Amino acid sequence: MKMPGGRSGILSLSIKDKAALYSAYMPFISHGGLFIPTDKSYQLGEEIFLLLNIMDEAEKIPVAGKVVWITPRGAQGNRSAGIGVQFSDQDDTARRTIENHLAGSLQSDRPTHTM
């Protein structure tokens, strides 16, 4: 797959531990998504292809998605530059794998802001 400007749309991401997976996963995005640190320039809506390696999984998970979030270099609050990628609705393997690794963490570990 080629992207506008001749850039390849294939990214590779390895997530080594549960804490890194927890901080990268974006469960509030429809079909799930991940924040991918990168200095490369992307456009909202741009289609990408991701090879995802999660912790102890034997094989990389191929993920089609699109850019739905951009944090530019030099963003306020010392946030990492990168993109949020929404997983395609055609295949939920990545979302299921991530949620299996994070089972219980998505609800219980995050602080709640109730009174």
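It should be emphasised that the depicted structure is a prediction, and the values quoted were computed from it without experimental measurement.
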Atom pair CG (Leu52) and CG (Leu21), whose distance is rounded to the nearest 0.5 Å: 8.0 Å
Worked check of side chain to side chain contact (heavy atoms under 4.5 Å, CB included) between Ile48 and Tyr42: CA-CA 10 Å; Ile48 65 134; Tyr42 290 88; 4.0 Å; yes
Crowding at CZ, Arg73 (>12 non-hydrogen neighbours, <6.0 Å): no
ILVMFWY cluster, Leu102 and Ile15 together (side-chain gap under 4.5 Å): yes
Pairwise distance CG(Leu44) to CD1(Ile83) - rounded to 0.5 angstrom: 10.0 Å
Qualifying residue for side chain to side chain contact (heavy atoms under 4.5 Å, CB included) with Ile54, from Ile61, Asp17, Asn100, Leu13: Ile61
Path from Met26 to Leu50 over hydrophobic side-chain contacts below 4.5 Å: no
Derivation and outcome, side chain to side chain contact (heavy atoms under 4.5 Å, CB included), residues Val63 and Leu51: CA-CA 6 Å; Val63 182; Leu51 290 174; over 6 Å; no
Transitive ILVMFWY side-chain link Leu34 to Trp69, under 4.5 Å: no
CA sep, side-chain torsions, deciding dist, call: Phe35, Thr71, side chain to side chain contact (heavy atoms under 4.5 Å, CB included): CA-CA 9 Å; Phe35 179 79; Thr71 302; 3.8 Å; yes
Heavy-atom pair of closest approach, residues Asp91 and Pro62: OD2-O, 4.3 Å
Approximate separation, where rounding is to 0.5 Å, of Glu99 CD and His101 NE2: 12.0 Å
Under 3.5 Å: donor-acceptor pair, side chain of Asp92, backbone of Arg95: no
N/O donor-acceptor pair under 3.5 Å between Glu46 side chain and Gln43 backbone: yes
NZ on Lys66 to CD1 on Ile29, rounded to 0.5 Å: 10.5 Å
Nearest heavy-atom neighbours spanning Gln76 and Arg79: O-NE, 3.3 Å
Check: Gln86 side chain, Ser30 main-chain N or O, donor-acceptor pair, under 3.5 Å: yes
Distance-minimising heavy-atom pair for Gly32 and Tyr25: CA-OH, 3.9 Å
Stepwise side chain to side chain contact (heavy atoms under 4.5 Å, CB included) check, Lys18 with Met55: CA-CA 8 Å; Lys18 191 172 180 177; Met55 299 189 295; 4.3 Å; yes
Interatomic spacing from NZ in Lys60 to OG in Ser12 - rounded to 0.5 Å: 3.5 Å
